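See below for the structure under consideration.
In this text, all values refer to a predicted model and were calculated from it rather than measured experimentally.
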Amino acid sequence: TGVQTCALPIFSVSTSGSCGSSFETGNITVTTNPFGTTTVTNVSCFGAANGAADLTPSGGTAPYTFSWSNNATTEDISSVSAGNYFVTITDANGCNSTDSVTITEPVSGIVTAIQGTNVLCFGNSSGAADLTVSGGSLPYTFLWSNNALTEDISSISSGSYTVTVTDNNSCRSEEHTSELQSQSTI
């Protein structure tokens, strides 16, 4: 849906004569204004610029020219961030229409926080890391530096741990624990 403008020519046909006189007939072709059908690819990760709009023009008279609100003059736009984009399609007769597309993105990026629990006794594995995740697109997958695949890890020894969280759109966030400590020997 959009605004369409075109100054169409005005045609008039008149005949005169008496019965039995010959006359000519003709066809008058009036074309529609150009318009477009758009397929949108939304931005996959918050803050990224990998959105796209695939425009298919029709109506009017080819060839068409394009003028997008982001200054693109191509039929399609790609590598764009989330937002509203307007395109004016102009045909060979100077007729045009304006349409808009909205490219969206996830509401927020992946946000992670880790609460570490220190090891109780030197040399044992009583530590833990409690991960809290929000944002991005569910579901999440987890990969810890000790190869654990769960959101939280427990029964771990002292040291530093890193987790990579990947969401349903393959967006990633990496978080590091503070050093988990153990009691020194007595």
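When all heavy atoms of Glu105 and Ala48 are compared, the pair lying nearest together is OE1-N, 4.3 Å. The shortest heavy-atom contact between Asp54 and Asp76 is OD1-OD1, 3.1 Å. Contact between Cys95 and Pro34 at its shortest, heavy atoms only, is O-CG, 3.5 Å. Residues Phe66 and Pro57 share a closest heavy-atom pair of CZ-CG, 3.9 Å. The shortest non-hydrogen separation linking Ala62 to Ala92 is O-CB, 3.7 Å. Nearest heavy-atom pair, Asn169 versus Ser44, reported as atom, atom and distance to 0.1 Å: ND2-O, 2.9 Å.
Proximity of Val101 to Trp68: side-chain heavy atoms (C-beta onward) are separated by under 4.5 Å at one or more points. For the pair Thr65 and Thr73, the minimum side-chain heavy-atom distance is 4.5 Å or more. The shortest distance between side-chain heavy atoms of Val87 and Thr38 does not fall below 4.5 Å. Inter-residue side-chain proximity for Thr90 and Ser67 is flagged as unmet; no heavy-atom pair is nearer than 4.5 Å. Under the 4.5 Å side-chain criterion, counting only non-hydrogen atoms from C-beta, Ile89 is in contact with Leu55. A 4.5 Å side-chain heavy-atom check between Val40 and Thr102 finds every atom pair outside the cut-off.
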Could you pull out all donor-acceptor pairs under 3.5 Å where a side-chain atom in residues 140-151 meets a protein atom, sequence neighbours excluded?
residue: Tyr140; atom: OH; partner: Gly135; partner atom: N; Å: 3.4
residue: Tyr140; atom: OH; partner: Gly135; partner atom: O; Å: 2.5
residue: Trp144; atom: NE1; partner: Thr150; partner atom: O; Å: 2.8
residue: Ser145; atom: OG; partner: Thr162; partner atom: N; Å: 3.0
residue: Asn146; atom: OD1; partner: Ala148; partner atom: N; Å: 3.1
residue: Thr150; atom: OG1; partner: Asp152; partner atom: O; Å: 2.6

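Here the straight-line distance linking atom OH of Tyr161 with atom CD1 of Ile153 works out to 6.0 Å at 0.5 Å rounding. A distance of 6.5 Å separates CG of Asn50 from SG of Cys45, quoted to the nearest 0.5 Å. To the nearest 0.5 Å, the span separating OG1 on Thr98 from CZ on Phe86 amounts to 9.5 Å. Atoms OG and CG, from Ser126 and Leu120 in turn, are 3.5 Å apart once rounded to the nearest 0.5 Å.
Other residues, nucleotides and ligands contribute more than 12 heavy atoms inside 6.0 Å of the CD atom of Glu174.
Using a distance-only test at 3.5 Å, with no hydrogens or angles considered, a donor-acceptor pair links the side chain of Asn70 to the main chain of Ala72. A donor-acceptor contact shorter than 3.5 Å links the side chain of Asn42 to the backbone of Thr104. With hydrogens and angles disregarded, a donor-acceptor distance shorter than 3.5 Å links the side chain of Asp91 to the backbone of Thr61.
Checked by atom type, the side-chain pair Ser155/Ser125 shows no donor-acceptor distance below 3.5 Å.
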**Request:** Start with the C-alpha gap between Leu131 and Val165, add the side-chain angles, then the distance that decides, and say whether side chain to side chain contact (heavy atoms under 4.5 Å, CB included) holds.
**Result:** CA-CA 10 Å; Leu131 177 66; Val165 179; 4.0 Å; yes
**Asked** When you look at Ile114 and Thr112, which way does the side chain to side chain contact (heavy atoms under 4.5 Å, CB included) test go after all the steps?
**Response** CA-CA 7 Å; Ile114 296 177; Thr112 56; 5.8 Å; no
